[in-house]
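Only one structure is covered here, and it is reproduced in the block below.
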Amino acid sequence: MRINESMTMYEKLNILTDAAKYDVACTSSGTSRSNDGTGMGNCQQSGICHSFSADGRCISLLKILFTNECIYDCKYCVNRRSNDVARASFTPDEICTLTMEFYRRNYIEGLFLSSGILKSPDYTMELIYAALYKLRRECGFQGYIHVKAIPGANCELVRQVGFLADRMSVNLELPTAESLKLLAPNKTRKNILTPMRLVQNRMEENKQELMVYRNAPRFVPAGQSTQMIIGATPETDYQIMQVTESLYQKFELKRVFFSAFVHVNEDAMLPARTDEGPPLLREHRLYQADWLLRYYHFRADELLSEKEPNFNVLFDPKCNWALKHLEHFPVEINRADYKTLLRVPGIGYKSAARIVKARRLGTLDFPDIKKMGVVLKRALYFITCQGKMMYPVRIEEDYITRNLLSSGEKLPKEVVNMGYQQLSLFDVTMGQKRWNAVSDGA
């Protein structure tokens with residue numbers, strides 16, 4: 001471990017923004033709070049300005065680690081104790097300076113703060129609390145803050161931080177307890193789920209308090225989320241979706257994020273390095289399935305099973321489900337209920353709502369629903385309007401599959417075309433200009 005004791009804030013920022021790129025940030029604030037006139041910033045529900053991490057994920061905050069020093073030796077982590085990498089740690093004052101000065105220049109709209117484990121979970125959580133307290137109370141920052149809770153930290157510390165943050169997350173790390181024991185032996189499922197349950201319970205108590213006292217302090221108003229690495233261990237998509245569904249049901253999470261395993265360490269316990277890179281298509285399919293769980297009223301066991309445990313690489317999960325359950329189709333647009341419409345490939349939850357609303361005023365036909373956002377080149381195989389299909393088609397899996405593929409159905413462009421460019425604070429010219437602006441005003 002190399003710890004550089006004399007570093008400029010810019011050098012620390014360079015190290016700790018790069019070290020944070022494997023943490024997935026939420027892409028919108030999920031809460032609404034206007035400026036009360038006494039501080040700086042606001043937190044609007046429409047979200048905050050976006051940039052992109054090195055692997056193409058959308059982020060919207062100054063995304064940094066408090067420290068990349070760590071007492072743990074997780075085999076998949078670039079910041080593990082045994083790795084020979086440059087180490088750096090911010091102070092609470094430096095976190096405040098960076099956030100306020102970047103915000104003043106409209107480079108960011110909020111802060112995403114994660115951390116390695118410095119000395120102990122409690123010590124690290126105390127530093128995070130000190131930074132957020134100073135940022136909120138002394139600097140008057142009222143913008144969005146997403147913070148990672150440290151598993152194993154004192155519950156009271158987690159509670160105090162929750163009153164300062166908008167969203168809090170605890171990384172599940174890996175889908176199963178067995179995988180966690182194999183690749184992250186210093187961490188336990190119990191230590192991870194304990195703060196998750198604490199946040200859930202305290203959020204519920206806070207809702208009751210706010211019903212009685214409107215001016216009561218708000219606890220994690222944007223809810224909590226988690227993240228798990230996929231591809232580092234042999235779990236199937238079916239197992240991952242079962243875990244995801246369970247987390248939503250038992251802990252009322254806002255989001256479960258999936259992070260494609262990036263091969264940053266050489267270890268016999270990790271998958272062998274290949275030329276294919278991170279399993280981004282698999283990650284993409286999991287996100288699509290996650291959307292179906294949250295907005296389309298699907299269950300995990302409808303999408304996959306033990307006999308078919310992984311998603312189809314050719315079609316998104318909803319289209320694949322429809323092809324395997326053609327007995328439910330075709331659906332009559334003018335009579336089907338909202339939940340039934342949601343299961344039709346090419347119909348999203350917004351277009352389904354428009355259909356339900358518009359058909360109260362008259363009978364709908366194919367040109368009408370196309371104007372409402374329905375993707376007819378996919379939906380035409382699964383719907384009728386006034387009892388008629390758009391074209392004569394056969395309701396057969398092979399026939400529809402061939403036609404969908406020949407009509408341009410293909411793998412997502414963002415997965416096939418890996419020509420990403422990271423929008424970074426450290427682009428050679430712009431990054432230096434931004435830093436000079438912050439330094440001049442600090």
Side-chain angles (χ1 to χ4, degrees), residues 27-30 32 44-50 58 60 255 281 284-299 302-303 311-312 314-417:
T27 54
S28 63
S29 60
S32 181
Q44 295 301 324
Q45 202 157 16
S46 57
I48 44 195
C49 60
H50 297 147
C58 187
S60 27
R255 286 293 303 273
L281 177 55
H284 182 68
R285 292 288 182 241
L286 288 167
Y287 274 120
Q288 290 176 320
D290 172 76
W291 199 263
L292 296 181
L293 294 184
R294 291 187 295 125
Y295 294 107
Y296 287 75
H297 305 281
F298 277 86
R299 301 188 312 274
E302 290 183 283
L303 300 172
F311 288 116
N312 191 332
L314 297 176
F315 297 112
D316 68 80
K318 185 166 81 164
C319 187
N320 189 63
W321 175 86
L323 289 170
K324 299 296 182 183
H325 295 84
L326 291 175
E327 68 274 11
H328 297 297
F329 301 100
V331 167
E332 170 55 45
I333 287 293
N334 290 286
R335 292 196 303 270
D337 61 38
Y338 176 72
K339 289 186 179 180
T340 300
L341 290 173
L342 286 179
R343 297 196 168 220
V344 177
I347 298 182
Y349 66 93
K350 289 184 179 179
S351 53
R354 290 174 186 144
I355 290 170
V356 171
K357 183 177 180 181
R359 69 191 184 188
R360 297 171 188 165
L361 306 176
T363 303
L364 301 179
D365 209 337
F366 291 102
D368 301 318
I369 63 174
K370 183 177 181 180
K371 293 176 183 177
M372 297 175 191
V374 175
V375 182
L376 284 179
K377 72 175 183 178
R378 309 186 78 202
L380 68 89
Y381 304 98
F382 306 97
I383 60 173
T384 59
C385 287
Q386 303 178 63
K388 297 180 181 179
M389 302 196 79
M390 187 173 180
Y391 304 116
V393 298
R394 299 199 303 271
I395 309 299
E396 297 175 1
E397 182 179 349
D398 289 345
Y399 172 83
I400 297 174
T401 297
R402 287 196 305 270
N403 278 275
L404 284 173
L405 291 174
S406 64
S407 68
E409 189 74 22
K410 55 185 179 181
L411 301 183
K413 183 188 297 183
E414 64 268 32
V415 176
V416 175
N417 179 14

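Quantities reported herein were computed from a predicted structural model and do not represent experimental measurements.
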Is the closest side-chain heavy-atom distance between [X] and [Y] below 4.5 Å?
X	Y	answer
Phe315	Gln288	no
Leu323	Ile400	yes
Tyr391	Phe366	no
Ile395	Met389	yes
Leu342	Tyr295	no
Trp291	Lys318	no
Ile355	Asn334	no
Ile369	Leu376	yes

With a 3.5 Å distance limit and no angle check, can you tell me whether [X] reaches the backbone of [Y] through a side-chain donor-acceptor pair?
X	Y	value
Asp290	Leu286	no
Arg354	Met372	yes
Arg285	Pro317	no
Arg359	Leu364	no
Tyr296	Tyr349	yes
Ser351	Ile347	no
Glu332	Ile383	no
Asp365	Pro367	no

Under the side-chain contact (heavy atoms from CB on, under 4.5 Å) rule, what do Glu302 and Leu292 come out as? Steps first, then yes or no, please. CA-CA 11 Å; Glu302 290 183 283; Leu292 296 181; over 6 Å; no

Heavy-atom nearest pair, Tyr338 first then Ala352, reads CE1-CB, 3.6 Å

For Pro345 and Cys319, which heavy atoms make the closest approach, and how far apart are they? CG-CA, 3.9 Å

Value rounded to 0.5 Å, distance of [atom1] in [X] from [atom2] in [Y]:
X	Y	atom1	atom2	value
Arg394	Asn403	CZ	CG	8.5 Å
Tyr381	Phe329	OH	CZ	14.5 Å
Leu303	Leu293	CG	CG	6.0 Å
Arg402	Glu396	CZ	CD	8.0 Å

Between Ile333 and Leu341, is the side-chain contact (heavy atoms from CB on, under 4.5 Å) condition met? List the steps. CA-CA 8 Å; Ile333 287 293; Leu341 290 173; 3.9 Å; yes

Steps toward side-chain contact (heavy atoms from CB on, under 4.5 Å) verdict (Arg343, Phe298): CA-CA 9 Å; Arg343 297 196 168 220; Phe298 277 86; 3.6 Å; yes

Run His328 and Trp321 through side-chain contact (heavy atoms from CB on, under 4.5 Å) and show every step you take. CA-CA 11 Å; His328 297 297; Trp321 175 86; 3.9 Å; yes

